[in-house]
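Let me begin by presenting the structure, written as structure tokens, before commenting on it.
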Amino acid sequence: MLLGSRLLNSGKVATPVYITMLAAECAPVIKVGGLADVVFGISRELEIRGNAVEIILPKYDCMRYDQIWGLHIMMPDLWVPWYGGAIHCSVWFGFVHGRKCFFIEPHSSDNFFNRGAYYGFHDEALRFAFFSKAAMEFLLKTDKRPDVIHCHDWHTGLAPVLLAEVYKFHGMQNQRTCYTIHNFKHQGVAGANILWATGLQRPEYYFNYHQLRDNINHGALNFMKGGIVYSNFVTTVSPQHAWEARHTDQGYGLGHTLHVHADKFGGVLNGVDYEVWNPETDRFIPCRYGVDTLQDKYGNKEALRDRFWLRKDYKPIIAYVGRLDQQKGVHLIRHALFYALWNGAQFVLLGTSPDRDISNYFWHLKNYLNDSPDCHLELGFDEDLSHLIYAGADMIVVPSLFEPCGLTQMIALKYGTVPIVRAVGGLVDTVFDRDHSDRPIHERNGYVFHQTDASALESAMQRAIGLWYSYPEEFRSLIANGMRYDYSWNYPGQHYLNIYEHIRHK
Ligand code: ADP
Ligand code: GLC
């Protein structure tokens with residue numbers, strides 16, 4: 001492949017890298033959360049820098065086909081070994097906003113990816129074990145030999161294992177693996193049948209503690225542990241979370257494994273794709289604006305109120321955008337809503353939950369607040385609407401119990417929406433308290449609280465709402481500080497290239 005050369009920070013000319021991303025999501029075609037944004041954003045950045053990137057994804061029936069250009073079958077017959085036989089697959093190719101994507105479609109009665117939803121099935125481990133196996137088989141059969149196979153989250157944890165234990169012996173000995181963990185809570189824990197299915201024989205070997213045996217449930221195998229043990233480099237999505245995963249219960253049982261592999265583990269703060277998330281160019285908002293035209297932001301506030309029938313009073317709007325999951329601090333989201341209403345603010349929520357109890361709970365809340373002119377709950381997934389909320393709100397609340405990185409606070413900063421966050425994970429690395437941070441005043445960009453109780457949240461919200469009402473000029477300075485931050489993929493893009501360079505020459 002002919003590619004332009006790239007200058008390293010050191011001034012040396014670096015050879016372009018050929019990278020294959022393996023993931024269960026990629027924005028905007030398959031998106032549940034931040035994983036999707038990251039897979040798309042990092043791929044775009046790496047390509048801009050002159051590298052070759054391809055993305056391998058499952059072909060789900062429910063993905064957004066309107067976001068794919070030129071979709072066609074590029075390989076009608078890929079036979080993927082599975083248990084004693086093989087499953088017939090077709091591989092499709094298409095461009096997702098310029099990114100080269102391959103979609104694997106199995107034809108079998110298992111019906112792995114045609115279920116009307118991305119996740120939430122009893123055979124989840126098998127579905128993604130199959131995807132990992134199929135992706136490796138696809139690379140093998142098409143003679144694709146990327147320099148780096150970059151795998152994401154538990155879904156693809158078996159790919160580095162398969163490379164080292166099987167595919168290396170079939171001509172893939174020069175491929176290196178980078179494994180990025182976006183969420184330690186979901187690890188892919190399964191029984192021995194996974195070994196038979198994927199062709200990893202020798203259960204006594206894989207059930208070894210140093211290999212794939214789950215650290216807690218000794219009768220089970222752990223995909224994420226496999227990814228950590230077998231990859232050439234492992235990252236998680238912020239430096240603070242890299243520390244938490246090793247030293248606190250946020251590693252969800254993998255702390256010791258990370259400790260053993262500490263010399264190849266680190267945190268790389270995610271970026272935000274400013275091609276997608278930029279109030280100066282955003283096509284989903286009625287009024288575009290930047291740090292020097294901040295007054296135009298308020299046209300979006302009006303539009304947001306119109307959309308949700310909110311009263312047009314002199315009040316700040318506080319928003320929550322995100323999955324409604326225990327991880328996100330459900331009780332604190334609820335408390336933020338009522339605290340806002342009791343203290344002269346309006347509240348807007350956009351979120352959805354696969355958990356029936358949480359979902360019912362928010363539907364109940366929505367009905368209860370139906371007549372409030374100061375509050376709106378939108379329970380569903382709506383990417384376009386999320387842009388209007390980031391642009392129209394004055395503040396955003398992110399009260400997570402744990403948060404490996406968090407993108408919503410970084411997007412909000414770009415849109416001049418002041419984040420109020422709990423001090424955990426990537427939130428610690430990106431939001432600096434206006435009153436208590438030890439950073440210079442012009443670098444402070446939001447409000448931070450520490451504990452998980454209601455009064456901790458209240459203390460931060462009170463300060464934020466108080467500043468909005470009493471010192472509007474100061475509030476505008478805080479907004480401007482946030483908008484000037486550069487949380488693009490520029491820096492993390494270079495960081496990942498350095499990692500690739502490092503593992504390629506090991
Ligand atoms: P996580 O990956 O844990 O869900 P992040 O903060 O990293 O959290 O990323 C969440 C991403 O998903 C953001 O781009 C956010 O705007 C988007 N998002 C979450 N829920 C919704 C929703 N209901 N509608 C639209 N976008 C959503
Ligand atoms: C995960 C995490 C979130 C992170 C995202 C992208 O789903 O929950 O904190 O920002 O992945 O890395």
Side-chain angles (χ1 to χ4, degrees), residues 21 23-28 30-42 64 118-119 150-155 179-187 224 235-242 244-245 250 252 267-274 276-277 282 284 319-330 333 348-355 358-359 362 376-391 393 396-415 417 419 421-422 424-431 487 489 492 496:
M21 299 281 171
E25 297 180 33
C26 175
I30 306 162
K31 174 165 167 173
V32 172
L35 168 65
D37 296 286
V38 170
V39 170
F40 182 88
I42 178 79
R64 287 191 59 183
Y118 299 125
Y119 307 130
H150 192 154
C151 305
H152 296 267
D153 258 354
W154 76 265
H155 318 98
Y179 184 49
T180 296
I181 298 172
H182 299 260
N183 202 319
F184 279 93
K185 193 171 172 190
H186 308 285
Q187 301 182 357
M224 187 170 274
T235 67
T236 188
V237 287
S238 70
Q240 172 70 16
H241 194 60
E244 291 166 346
Q250 292 188 38
Y252 283 91
V268 179
L269 187 70
N270 282 334
V272 167
D273 191 332
Y274 287 158
V276 178
W277 301 107
D282 195 324
F284 299 111
Y320 174 83
V321 177
R323 292 182 295 119
L324 297 170
D325 184 285
Q326 289 303 352
Q327 165 188 348
K328 303 292 178 180
V330 169
I333 297 171
V348 165
L349 177 147
L350 172 61
T352 182
S353 177
D355 179 306
I358 298 179
S359 186
F362 278 95
H376 182 87
L377 281 74
E378 186 71 23
L379 301 178
F381 191 93
D382 190 337
E383 178 101 33
D384 302 0
L385 175 61
S386 73
H387 288 249
L388 180 62
I389 296 179
Y390 288 118
I396 192 161
V397 64
V398 193
S400 306
L401 302 185
F402 74 91
E403 196 61 81
C405 178
L407 300 179
T408 61
Q409 82 283 7
M410 293 198 275
I411 299 171
L413 285 167
K414 183 74 177 168
Y415 282 73
T417 301
V421 307
R422 184 161 171 263
V424 70
L427 301 168
V428 172
D429 292 319
T430 51
V431 181
Y487 287 129
W489 275 104
Y496 274 110

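In listed order, ligands and their atoms are each counted from 1.
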Would you mind reporting whether F40 and K31 have side-chain heavy atoms less than 4.5 Å apart? no

Kindly indicate whether the side chain of N270, heavy atoms from C-beta on, has any atom under 4.5 Å from the side chain of W489. yes

So how far is it from [X] [atom1] to [Y] [atom2], rounded to the nearest 0.5 Å?
X    : Y    : atom1 : atom2 : value
L427 : E403 : CG    : CD    : 5.5 Å
I42  : D37  : CD1   : CG    : 13.0 Å
M224 : I181 : CE    : CD1   : 5.0 Å

cation_pi(K414, Y274) dist<6.0 Å, angle<=45: yes

Checking a contact table here: which protein heavy atom is nearest [atom], and how many Å away?
atom                    : value
atom 19 (C) of ligand 1 : G322 CA, 3.5 Å
atom 4 (O) of ligand 1  : R323 NE, 2.7 Å
atom 7 (O) of ligand 2  : N183 ND2, 4.0 Å
atom 1 (C) of ligand 2  : H182 O, 3.2 Å
atom 6 (O) of ligand 1  : L407 N, 2.8 Å
atom 2 (O) of ligand 1  : G34 N, 2.7 Å

If only atom types and distance count, is the side chain of [X] paired as donor or acceptor with the main-chain N or O of [Y] below 3.5 Å?
X    : Y    : result
T180 : T235 : no
Y179 : H150 : no
N183 : K185 : yes

Which atoms of ligand 1 sit under 4.0 Å from any heavy atom of [X]?
X    : answer
D37  : 11 (C), 13 (C), 14 (O)
T408 : 6 (O), 15 (C)
L350 : 22 (C), 23 (N), 24 (N), 25 (C)
G351 : 23 (N)
G33  : 2 (O), 4 (O), 11 (C), 12 (O)
G406 : 6 (O), 7 (O)

Residue selection (non-hydrogen contact nearest atom 22 (C) of ligand 1) among F381, F402, Y390, Y320: F381

Out of Q327, H186, E403, who gets a non-hydrogen atom closest to atom 3 (C) of ligand 2? E403

Quick one: does [X] get within less than 4.0 Å of ligand 1, heavy atoms only?
X    : result
E378 : no
K31  : yes
C405 : no
G380 : yes

Indicate whether the side chain of [X] and that of [Y] have a donor and an acceptor atom separated by less than 3.5 Å.
X    : Y    : result
E25  : Y119 : yes
D282 : Y390 : no
D355 : Q326 : no

Would you mind telling me if ligand 1 is within reach of the side chain of [X], the backbone, both or neither, using heavy atoms under 4.0 Å?
X    : result
K328 : side chain
D382 : backbone
V321 : side chain

Which word best sums up how the rings of H387 and W277 line up, parallel for under 30°, tilted for 30 to 60°, or perpendicular for over 60°? parallel

For ligand 2, which atoms have a heavy atom of [X] less than 4.0 angstrom away?
X    : value
V38  : 6 (C), 12 (O)
V237 : 12 (O)
G406 : 3 (C), 4 (C), 9 (O), 10 (O)

Working note: H241 + V424, criterion side chain to side chain contact (heavy atoms under 4.5 Å, CB included); need CA distance, chi angles, decisive distance, verdict. CA-CA 8 Å; H241 194 60; V424 70; over 6 Å; no

Has ligand 2 got any nitrogen or oxygen that is less than 3.5 angstrom from a nitrogen or oxygen of K328? no

Residue among L377, I389, V397 satisfying side chain to side chain contact (heavy atoms under 4.5 Å, CB included) with L349: L377

Between N270 and ligand 2, which residue portion shows a heavy-atom distance shorter than 4.0 Å: side chain, backbone, both, or neither? side chain

